[in-house]
Amino acid sequence: YYSTSSFNSGTKPSPKATLAGEDRTYTDTSITVDTVVYTAIGTVRLSVEKLSPVVATSTSRLTKAVKDAFVVGGKGFAYNFSDLSTLFKDTACTIPVTAVDDLIAAALDISGHGKHLFQSTSGNRPILKKDADNVYYADFASSKSMSTSSTVDLDSVTNFDLLAAIVPTTGSDSIAIETSTDYNSNSGALAFIVNTSSSSLATRGSGTYPTGFNNATVAATSGGSFNFSVDVGAATKIFKSRVNGSNITPSGVLDNSSTGLSSQILYIGSRAGSSAYSNMKCYSIVGIGRNLTTTESNLIEGIQTEPFV
């Protein structure tokens with residue numbers, strides 16, 4: 001049995017294939033990419049059918065590309081809100097998100113590091129939505145936010161790439177991504193701060209502003225895919241900044257700290273879950289503790305850019 005919607009023994013679709021005799025395998029070449037398919041196997045004996053557990057399988061190109069990048073190496077985190085197989089309506093991760101307007105209580109970390117995102121308060125959970133091109137995203141409107149339940153291992157990371165597909169919807173500076181409760185007062189923290197006219201990636205060393213801070217601001221009036229590369233040991237710390245597949249010369253640049261990142265709680269959509277709410281549409285976020293190769297970066301960026309071009 002095969003469907004793009006979850007089912008059970010009482011709601012199962014018509015069989016995709018029926019195997020006769022000694023046949024034990026079936027190959028389906030009709031499954032499309034960037035979807036979630038639900039499959040189960042039924043066995044019949046004495047006219048009684050037994051149905052196997054229904055298994056959800058993702059065909060997301062982005063999820064595969066990100067997993068492949070982390071297999072090569074790198075600390076970090078990654079979330080794909082366009083891949084329903086990674087989203088759940090409960091913090092125990094037992095009830096999958098399956099439809100528009102479902103509340104997202106948990107988002108699995110596809111990096112392989114197990115730093116999943118959670119939101120225990122129902123009213124603060126982002127909402128699954130679908131854009132005009134039928135691509136899913138998480139709506140972080142109003143007071144919606146998520147965070148990891150334990151610190152993300154970023155100790156001694158001095159080179160990293162941040163790739164995010166998001167659409168800010170507020171004109172005020174707000175937090176899309178932040179490690180720690182407030183990067184302004186936590187050495188080794190990073191923040192991706194967004195609004196509808198610009199977005200800034202920043203890292204924190206020591207000392208008061210602007211001493212000890214790195215920053216690069218890019219113009220991005222409608223949001224989209226953001227791609228930053230950082231080397232805090234270099235003269236130009238944030239040495240690559242791209243929006244929707246094009247290089248953008250940053251403004252408001254600070255290159256004042258050689259402090260690497262440290263392990264801290266990761267917050268998505270707010271500052272510490274209580275302020276600076278992003279009100280963003282979030283498709284995916286990837287933070288990897290190394291500078292990706294051009295091939296790796298172009299592959300991930302290309303997929304993230306598709307909803308915006």
Side-chain angles (χ1 to χ4, degrees), residues 74-77 147-148 151-164 166 168 170-221 223-243 246-272 274-278 280 285-294 297 301:
K75 299 179 179 182
F77 51 86
S147 63
T148 56
T151 58
V152 176
D153 180 13
L154 296 172
D155 277 345
S156 303
V157 169
T158 57
N159 296 69
F160 68 92
D161 279 13
L162 182 71
L163 301 95
I166 64 173
T170 179
S172 302
D173 282 350
S174 55
I175 298 298
I177 305 163
E178 188 168 41
T179 62
S180 84
T181 54
D182 185 343
Y183 94 108
N184 290 292
S185 55
N186 287 283
S187 180
L190 72 86
F192 186 41
I193 303 165
V194 300
N195 60 52
T196 51
S197 61
S198 66
S199 300
S200 300
L201 178 66
T203 67
R204 173 78 159 89
S206 59
T208 58
Y209 184 88
T211 303
F213 284 77
N214 300 320
N215 182 83
T217 300
V218 295
T221 55
S225 72
F226 297 85
N227 185 348
F228 295 94
S229 289
V230 179
D231 178 358
V232 298
T236 301
K237 313 298 185 182
I238 303 172
F239 65 87
K240 181 177 73 176
S241 52
R242 291 166 59 84
V243 178
S246 298
N247 293 322
I248 302 293
T249 301
S251 61
V253 175
L254 294 175
D255 290 310
N256 295 334
S257 173
S258 296
T259 300
L261 302 180
S262 61
S263 297
Q264 308 196 46
I265 296 292
L266 172 66
Y267 295 90
I268 304 295
S270 74
R271 172 156 288 161
S274 61
S275 64
Y277 294 104
S278 67
M280 65 179 174
I285 292 170
V286 180
I288 185 166
R290 65 182 176 91
N291 296 135
L292 296 171
T293 66
T294 299
S297 181
E301 178 188 70

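Computed over heavy atoms, backbone and side chain alike; hydrogens, waters and symmetry mates excluded. Position 1 is the first residue of the sequence; numbering continues from there.
Looking at residues two or more places apart in sequence or on another chain, you find a side chain to side chain contact (heavy atoms under 4.5 Å, CB included) between T170 and S172, S174, N279. Shown here are the side chain to side chain contact (heavy atoms under 4.5 Å, CB included) partners of A189, two or more places apart in sequence or in another chain: T179, S180, Y183, N186, Q264. Taking D182 as the reference, R271 meet the salt bridge (charged side-chain N to carboxylate O under 4.0 Å, His left out) condition, with sequence neighbours excluded. Residues that satisfy the side-chain hydrogen bond (donor to acceptor under 3.5 Å, both in side chains) test with D161, not counting sequence neighbours, are S229, N291. Residues passing the side-chain hydrogen bond (donor to acceptor under 3.5 Å, both in side chains) test with S199, sequence neighbours excluded: none. In terms of the salt bridge (charged side-chain N to carboxylate O under 4.0 Å, His left out) criterion, residue partners of R242 (sequence neighbours excluded) are, by chain and number, E301. For the side chain to side chain contact (heavy atoms under 4.5 Å, CB included) test, residues two or more places apart in sequence or in another chain that qualify with T259 are S187, S257. Listed by chain and number, the residues in a side-chain hydrogen bond (donor to acceptor under 3.5 Å, both in side chains) with N256 amount to none (sequence neighbours excluded). Under the side-chain hydrogen bond (donor to acceptor under 3.5 Å, both in side chains) criterion, S263 pairs with D153, D155, not counting sequence neighbours. With sequence neighbours excluded, no residue satisfies side chain to side chain contact (heavy atoms under 4.5 Å, CB included) with T196.
At least one donor-acceptor pair closer than 3.5 Å links the side chain of D255 to the backbone N or O of K237.
Nearest heavy atom pair, residue S270 against residue Y277, reads CB-CD2, 3.5 Å. Taking every heavy atom of both residues into account, A176 and I166 meet most closely at CB-CD1, 3.8 Å. Nearest heavy atoms, P168 versus V194: CG-CB, 3.7 Å. Shortest non-hydrogen contact noted between V152 and G76 is CG1-O, 3.9 Å. The two atoms that bring S200 and N215 nearest to each other are CB-OD1, 3.7 Å, heavy atoms only.
In this structure, I288 CD1 and K75 NZ are separated by 12.5 Å, a value rounded to the nearest 0.5 Å. For the atom pair CG (L190) and CD1 (I177), the distance works out to 7.5 Å, reported to the nearest 0.5 Å. Summarising the geometry, atom CG belonging to L266 is positioned 8.0 Å from atom CG belonging to L154; distances are rounded to the nearest 0.5 Å. Rounded to the nearest 0.5 angstrom, T211 OG1 and L254 CG are separated by 9.5 Å. Atom-to-atom distance recorded for L162:CG and I285:CD1 is 7.5 Å, nearest 0.5 angstrom. The OG atom of S198 sits 9.5 Å away from atom CD1 of I193, with the distance rounded to the nearest 0.5 Å.
Applying the salt bridge (Lys or Arg N to Asp or Glu O under 4.0 Å) test to pairs two or more places apart or on separate chains, none has a residue in residues 189-202. Contacts classified as ring-ring contact (aromatic ring centres under 6.0 Å, His included) and involving residues 191-210 (residues at least two apart or in different chains) are given here: F192-F226, F192-F228, Y209-F213.
When side chains are defined from C-beta on, I175 does not count as touching Y267, because their heavy atoms never get closer than 4.5 Å.
Side-chain contact check for N227 and S225: no donor-acceptor pair (N or O, by modelled atom type) lies under 3.5 Å.
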